[in-house]
Amino acid sequence: MRVETADIIIVGAGGAGLRAAIAVAEADPNVSIALVSKVYPMRSHTCAAEGGAAGVIKSNDKLDYHFDDTVAGGDWLTDQDAVELFVNEIPKELTQMEHWGCPWSREGDGHVAVRPFGGMKIMRTWYASDKTGFHMLHTLFQTSLKYPSIKRFDEFFTTDLLVEDGRCGGITAIEMRTGQLRTFRGKAVIVCSGGAGRVFPFTTNGAIKTGDGMAMAYRAGVPLKDMEFVQYHPTGLPGTGILLTEGCRGEGGYLLNKDGYRYLQDYGLGPATEKPVLKAMELGPRDRLSQAFWHEEKKGRTIPTKWGSVIHLDMRHLGEKLINERLPLVRDLSRNYVNADPVTDLVPVRPVVHYMMGGISTDINGATTVDGLYAAGECACVSINGANRLGSNSLGELLVFGARAARHAVEYVKTARPMTDAAATAQASDVENRIAALYKRTSGKERVPALRQQMTMSMEEGCGIYRDEVSLKATCDVVAEVRARFKDVALEDKSYVYNTDLFQTLELGCMIEVAQALVVSAIERKESRGAHQRLDYVQRDDVNYLKHSMAYYNPNGDPRIDYLDVVITKSQPAERVYGAAAGGQVTA
Ligand SMILES: Cc1cc2nc3c(=O)[nH]c(=O)nc-3n(C[C@H](O)[C@H](O)[C@H](O)COP(=O)(O)OP(=O)(O)OC[C@H]3O[C@@H](n4cnc5c(N)ncnc54)[C@H](O)[C@@H]3O)c2cc1C
C-alpha cells in the first residue's frame, strides 16, 4: 500500500481545515501538511453559508455583550472559558480575513457593515452580501495556495484514524479516482470534517455532511459531547431544505402564520413592531423560533403543503433595492425553488435540521483525549454553542479554533514520537481487508438507500424539535436494527473508479454511529434545555443536568453515557429572556 508522510494531517478542507492548514504553515514553514478532503475544497459546506460571522467591531458593542448573548443563547451549557476566548479572538480573525481579501460588505463611509442576527442583542454580524461562506472559503483557499508546505489530497476519502497506545499517528484514505487505499503517516491529525445534518432526512446540509470524522474519532475512543442538541433553522425551503438565511429576518423580514399574523409575539418573543427588534420576535434564537412553529402547527395555524406544513416569510416591505443588494441569493433561491419572488410574494418556509451543537469532545486547544488527535469546526465540540448555537457564531468558531488547534499541533509535533511501523501497517491492512470483504460480499440482501431512509425518517419522527421517552426509544430501536442490518450490505457496484456506492456505504456506517450517540444521549438527558425539548421533562434541570453528556463508543450496542462539568466563570445560570420581558428595546 502506498504510504504518504507529513508532520500534520488535516482531514477536511472546509473553513476549519483551510484555516488550520494556513495556521500551521504560518507557525512553522518546515512543518509539512497533508490536507485531505473528500471533495475539492471549494465544494465544502462552508461555501453554502449565507448570513455572516459575528464579531465585536462597533463602538456600541462590547466583548462582554457577545459573551453574554452566546452563553445565554446556549442555555448555560457553554463552557465560558471557551466562549471568552472565542469572543476575544474573533474580531482579529475577521480582520485577518479582510487582509487576505475577504470582500466584507461596507457601510457608505467604507467601514465594515454589520447586520442583526437571532439571539444577538446588538448588531455584530459581518457579512459579504448573502454569500458570506462562499467569500470566506474562497479567501482561505486562495491564501492557502501561497504556502508550499501545504500538500493537498483532493478527493481522498478518509476511512479510519490510526491510533496506537492512545496516540494518533495517521489515517487511511481511499483515492476516489482509483479506489486505491493509502496510508498517511504523521505525528498529529486535525479532524475538520464538518457536521452530520444528513442523519436527518430534511436538512440544509450538503450531501457530504455525514459525520465521518465524528464517527472515526468516536470509534477511536474519543467521546462525542452533547450530541442530543440538534439545531433546527426556522426558515428552510419546503421540499429541498435549502436555507433562507437568518439575514432575511435580520434585514427585517416577518414570519406569518396562515392568518397573516406575526405569531411569535404569542411565544414570549414580542412585541411586534415595524422595525427589527433585536431582543425579540423574528430575531429570537433559533431553538425558540422552531419550537414556536411546532406549537403553531399543533394549533392548526400553519399552511399544509405536500412538503409538510409551512409558514410564510414576508420580505415584501423591504423593497427590491435592499433585497437585490443584501439578499440576492435569497431572491434567486426563492424564485427558482418555490416560485416565489420575495419582492412581491410571501415565501413558504419551515424548520429544517441545520447544525449539530455536539461533536468530538475537545479542550480549548482543540485537543482530544487521544494524544496528537485534534478537532475543529462543526465536527468538534469545544462547547461555545452549548444547547443552542447562535446564528453567525459557527463561521467564527472554525476560524478561531481551526487556527488554535493548528498552533497547538505544531508545538505537539516538535516532541511527539511517531507511531510504530508495525502498528501502522497492521491497522492499515485491517482497513484494506475490511474494504476487500465489502467488495467480495455477494449474499447481502440489504441496500444502503433503504436503510438510510429508514434511519433518517425515524430520527425526524422520534428525535425532532420535541421528543419524549417513547419516541426516542422507538428511534433508538430503529437505529439499532439498522446497525445490525448494515452488516449485510453488499456493494452493487464493484468498480474502483469513483465508486459512489462504496462511499455512500462508508458514509452510512458513520451516520449510524452518530445517530446512535445522538439518540441515546437524548434519552439520558431528562430535562428540556435549548434545542433539546422533552415533552415528558419540560423544565430545565440545573441540579442534575448542568453538564455535558459524553457518549463513549461501544462496538456491540448502545454507547455508554457519562457526564462532564460545564465550565462556568462569570455568568451564573439564569432564565433566558427575550422580547418584551428583556426590555424589547429597538436598536436597529
Ligand atoms: C446552508 C448553510 C448556511 C450556513 N450559514 C451560516 C452563517 O451564515 N453563519 C455561520 O456562522 N454559520 C453558518 N452555517 C454553519 C457553518 O457554515 C458550518 O458549521 C461551517 O461552515 C462548517 O465548517 P467546517 O470547516 O467545520 O466543515 P465543512 O465546511 O463542512 O467542511 C468539511 C470538510 O471535511 C471534508 N470531509 C468530510 N468527511 C471526510 C472524509 N471522510 N474524508 C475526507 N474528507 C472529509 C469535506 O470534504 C470538507 O472539505 C451554515 C450552514 C449551512 C448548511
Side-chain angles (χ1 to χ4, degrees), residues 9-20 34-55 90 115 117-118 125-128 130-134 136-137 140-141 152-161 171-174 176 184 190-198 203-216 231 233 235-237 240-247 250 286 329 333 352-357 359-360 375-380 385 389-399 401-402 503 506-507 509-510:
I9 298 156
I10 300 174
V11 179
L18 286 168
R19 183 67 190 90
L35 182 59
V36 181
S37 176
K38 69 178 174 180
V39 296
Y40 280 90
M42 278 306 295
R43 301 190 74 89
S44 304
H45 190 74
T46 300
C47 192
E50 298 171 17
I90 187 61
R115 63 166 38 135
F117 242 65
T125 298
W126 304 39
Y127 60 99
D130 58 356
K131 296 173 187 151
T132 309
F134 169 85
M136 283 180 60
L137 196 60
L140 289 168
F141 181 58
R152 287 209 331 271
F153 294 85
D154 296 337
E155 297 193 327
F156 277 74
F157 189 103
T158 308
T159 64
D160 289 76
L161 300 170
I171 62 166
T172 48
I174 302 168
M176 296 169 79
F184 288 73
I190 310 176
V191 180
C192 299
S193 57
R198 286 276 157 175
T203 173
T204 62
N205 284 194
I208 60 170
K209 295 187 72 174
T210 46
D212 308 1
M214 291 182 188
M216 280 178 237
Q231 177 161 84
H233 193 293
T235 59
L237 291 179
T240 56
I242 291 173
L243 179 80
L244 294 192
T245 169
E246 196 156 288
R286 291 177 180 172
L329 179 63
L333 294 171
V352 53
V353 167
H354 184 55
Y355 183 86
M356 297 286 156
M357 266 69 78
I360 302 166
E378 192 173 338
C379 69
N385 300 308
R389 172 179 74 98
L390 292 189
S392 74
N393 266 352
S394 175
L395 290 175
E397 175 177 1
L398 58 84
L399 295 175
F401 292 100
F503 301 120
L506 297 174
E507 285 173 345
C510 295

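Counting convention: from 1, in listed order, for ligands and their atoms alike.
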[X], portion touching ligand 1 at heavy-atom distance under 4.0 Å:
X	result
Asp212	side chain
Leu395	both
Tyr355	side chain
Glu155	neither
Asn393	backbone
Glu50	backbone
Cys510	neither
Thr204	both

Ligand 1 atoms in contact with [X] (distance to a heavy atom under 4.0 Å):
X	answer
Cys192	32 (C), 33 (C), 34 (O)
Gly377	26 (O)
Leu398	20 (C), 21 (O), 22 (C), 23 (O)
Gly14	25 (O), 29 (O), 31 (O), 33 (C), 49 (O)

Would you say [X] contacts ligand 1, with heavy atoms under 4.0 Å as the rule?
X	answer
His354	yes
Gly52	yes
Gln231	no
Ala53	no
Gly213	no

When you measure from atom 14 (N) of ligand 1 to each heavy atom in Glu378, Arg389, His233, His45, which option holds the nearest one?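 Looking at heavy atoms only, Arg389 sits closest to atom 14 (N) of ligand 1.
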Looking only at non-hydrogen atoms, which of Ala376, Ala49, Ala196 approaches atom 6 (C) of ligand 1 most closely?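 Considering heavy atoms of Ala376, Ala49, Ala196, the nearest to atom 6 (C) of ligand 1 sits in Ala49.
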Is there a polar contact between ligand 1 and Gly15, counting only N or O atoms under 3.5 Å apart?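 By distance alone, the answer is yes.
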State whether the shortest distance between N or O atoms of Ala13 and N or O atoms of ligand 1 falls below 3.5 angstrom.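 In this structure, Ala13 places an N or O atom under 3.5 Å from an N or O of ligand 1.
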For the pair Arg286 and Glu246, find out whether any cationic side-chain nitrogen is under 4.0 Å from an anionic carboxylate oxygen.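 Looking at Glu246 together with Arg286, the answer is yes, because their closest N to O distance falls below 4.0 Å.
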May I ask you to identify the nearest protein heavy atom to atom 44 (N) of ligand 1, giving residue, atom name and distance to one decimal place in Å?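 I find the closest protein heavy atom is Lys38 N, 2.9 Å.
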Close side-chain approach of Val11 and Cys192, heavy atoms under 4.5 Å: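 The answer is no, as the side chains (C-beta and beyond) never meet within the 4.5 Å cut-off.
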Taking the side chain as every heavy atom from C-beta outward, state whether Leu243 and His354 have any pair of such atoms under 4.5 Å apart.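 Yes, at least one pair of side-chain atoms sits under 4.5 Å.
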